[in-house]
Amino acid sequence: MPRRTAVRQLLEEYGQTHAEEAGIRLRNTPAPLYRLLTLCVLFAVRIKADIAVAAARELSAAGLRTPRAMAAARWQDLVDALGRAHYVRYDESTATALGEGARFVLDRYRGDLRRLREEAAGDPERIRALLQEIPRIGPVGADIFCREAQGLWPELRPSFDRRAREGAAGLGLPASPEQLAALVDAAELPRLAAALVRADLARPSARTKQRESP
């Protein structure tokens, strides 16, 4: 099967990004970028992906879509929202991390992650490093953010992290980010990266593992 045909089928079956699943319409504006960051914080612990997404939806439904709203929320309200999504074991520590992270984004970037991008001056590795200064965001969380945000911030392209590259290799596709990027239009890069991760998790060899952080 030609690679482009295989990729088209892959996108049709698995090409929903985590942001889309969480109800986030990504735009290069402060609130959607912050909601994506929140989703990455939720993915930062060993938790099933569908629970992390459900938690992001609960926080959004509670009106916690901006760092100012998150910072102003009572800690118990955050715990309760996470609990409604069955985000257990990590609900209290994550509520603390969300509050601390919101205050950090307010203090450092005045609530606007586009200022983080400006500080990085077009350097994708600097973007990853700055993201990891935010409480609870580590290398995996930074990779997820970049994977999803590459449709908005061209300097992040192509972002195919280790999990996505492993998925590509398992499907017989090239593991090089540049070669993968050549298979789709730039606007579809986030969907392709997400599809590779989801397809990798769906493989029989992966079903013995917990479907946790993507």
Side-chain angles (χ1 to χ4, degrees), residues 1-22 24 26 33 36-56 90 117 120 122-132 134 136-214:
M1 180 187 300
R3 283 178 174 174
R4 286 185 178 274
T5 302
V7 166
R8 180 54 51 194
Q9 291 180 357
L10 181 70
L11 290 174
E12 289 175 358
E13 187 169 0
Y14 295 111
Q16 184 182 40
T17 68
H18 290 296
E20 289 170 343
E21 190 179 5
I24 303 169
L26 273 185
L33 291 171
L36 174 60
L37 180 72
T38 297
L39 182 61
C40 294
V41 170
L42 296 168
F43 274 131
V45 298
R46 294 184 63 81
I47 198 88
K48 289 184 177 180
D50 58 346
I51 293 178
V53 168
Y90 304 104
R117 183 190 184 193
D123 182 350
E125 292 308 312
R126 181 64 176 151
I127 289 176
R128 287 178 170 84
L130 291 173
L131 285 168
Q132 290 178 65
I134 299 169
R136 190 61 77 83
I137 296 292
V140 172
D143 280 343
I144 295 170
F145 186 96
C146 293
R147 198 171 74 203
E148 299 263 336
Q150 64 182 313
L152 301 173
W153 296 356
E155 64 270 32
L156 294 175
R157 301 172 190 160
S159 284
F160 293 97
D161 55 19
R162 177 188 60 81
R163 176 63 67 78
R165 295 194 303 273
E166 288 177 354
L171 293 167
L173 294 171
S176 159
E178 291 74 19
Q179 288 179 304
L180 287 169
L183 297 174
V184 296
D185 294 335
E188 292 190 311
L189 287 171
R191 293 183 62 226
L192 177 57
L196 291 170
V197 172
R198 292 180 187 275
D200 186 53
L201 288 171
R203 286 189 301 131
S205 61
R207 288 173 189 158
T208 58
K209 302 176 184 178
Q210 286 290 326
R211 297 187 180 186
E212 296 173 342
S213 296

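If you read the sequence from its start, that first residue is 1, and numbering goes on from there.
- In this structure, the side chain of Arg4 engages the main chain of Leu183 through a donor-acceptor pair within 3.5 Å.
- Taking CG of Leu156 as the start and CG of Asp123 as the end, the distance is 10.0 Å to the nearest 0.5 Å.
- What you find for Cys40 and Ile144 is that their closest heavy atoms are SG-CG2, 3.9 Å.
- Annotation: the span from Leu42 atom CG to His18 atom NE2 amounts to 12.5 Å, rounded to 0.5 Å.
- Nearest heavy atom pair, residue Glu148 against residue Ala19, reads OE1-N, 3.0 Å.
- For the residue pair Ala22 and Ala56, the shortest heavy atom distance occurs at CB-CB, 4.2 Å.
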(Q) Could you walk me through whether Ile51 and Tyr90 satisfy the side chain to side chain contact (heavy atoms under 4.5 Å, CB included) test, starting with their C-alpha distance in whole Å, then the side-chain angles of each, then the deciding distance to 0.1 Å, before giving a yes or no? (A) CA-CA 12 Å; Ile51 293 178; Tyr90 304 104; over 6 Å; no
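- Side-chain contact between Phe145 and Arg128 is absent, with no heavy-atom pair separated by less than 4.5 Å.
- Without hydrogens or angle criteria, Arg157 side chain to Gly151 main chain gives a donor-acceptor distance under 3.5 Å.
- The two residues Glu155 and Gly122 make their nearest non-hydrogen contact at CB-O, 3.6 Å.
- Taking the side chain as every heavy atom from C-beta outward, Leu130 and Arg117 never approach each other to under 4.5 Å.
- Listed by chain and residue number, Arg198 satisfy the salt bridge (charged side-chain N to carboxylate O under 4.0 Å, His left out) test with Glu21 (two or more places apart in sequence, or in another chain).
- Only one option out of Pro124, Ser159, Pro190 pairs with Cys146 in a side chain to side chain contact (heavy atoms under 4.5 Å, CB included); it is Ser159.
- Counting only heavy atoms from C-beta outward, the side chains of Leu37 and Leu131 approach each other to under 4.5 Å.
- Of the inter-residue distances, the one linking Leu26 atom CG with Gln150 atom CD reads 11.5 Å to the nearest 0.5 angstrom.
- At least one donor-acceptor pair closer than 3.5 Å links the side chain of Arg165 to the backbone N or O of Phe160.
- Applying the salt bridge (charged side-chain N to carboxylate O under 4.0 Å, His left out) criterion to Glu178, with sequence neighbours excluded, gives no partner residue.
- Every salt bridge (charged side-chain N to carboxylate O under 4.0 Å, His left out) that Arg162 has, sequence neighbours left out, goes to Glu166.
- Side-chain contact between Arg191 and Thr17 is present, with at least one heavy-atom pair separated by less than 4.5 Å.
- Here the closest heavy-atom approach between residue Pro174 and residue Gln179 is recorded as CB-OE1, 3.5 Å.
- When all heavy atoms of Asp200 and Gly167 are compared, the closest pair comes out as CB-CA, 3.6 Å.
- In this structure, the side-chain contact (heavy atoms from CB on, under 4.5 Å) partners of Ala54, at least two apart in sequence or on a different chain, are Ala85.
- Separation of atoms CG (Leu171) and CZ (Arg3) is listed at 11.5 Å; rounding is to 0.5 Å.
- Screening residues 164-183 for ring pair (Phe, Tyr, Trp, His ring centres under 6.0 Å), with sequence neighbours left out, gives no hits.
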Report, one line per pair, each donor and acceptor closer than 3.5 Å where one atom sits in a side chain of residues 7-14; sequence neighbours left out.
residue, atom, partner, partner atom, Å
Arg8, NH1, Glu188, OE2, 3.2
Arg8, NH2, Glu188, OE1, 3.1

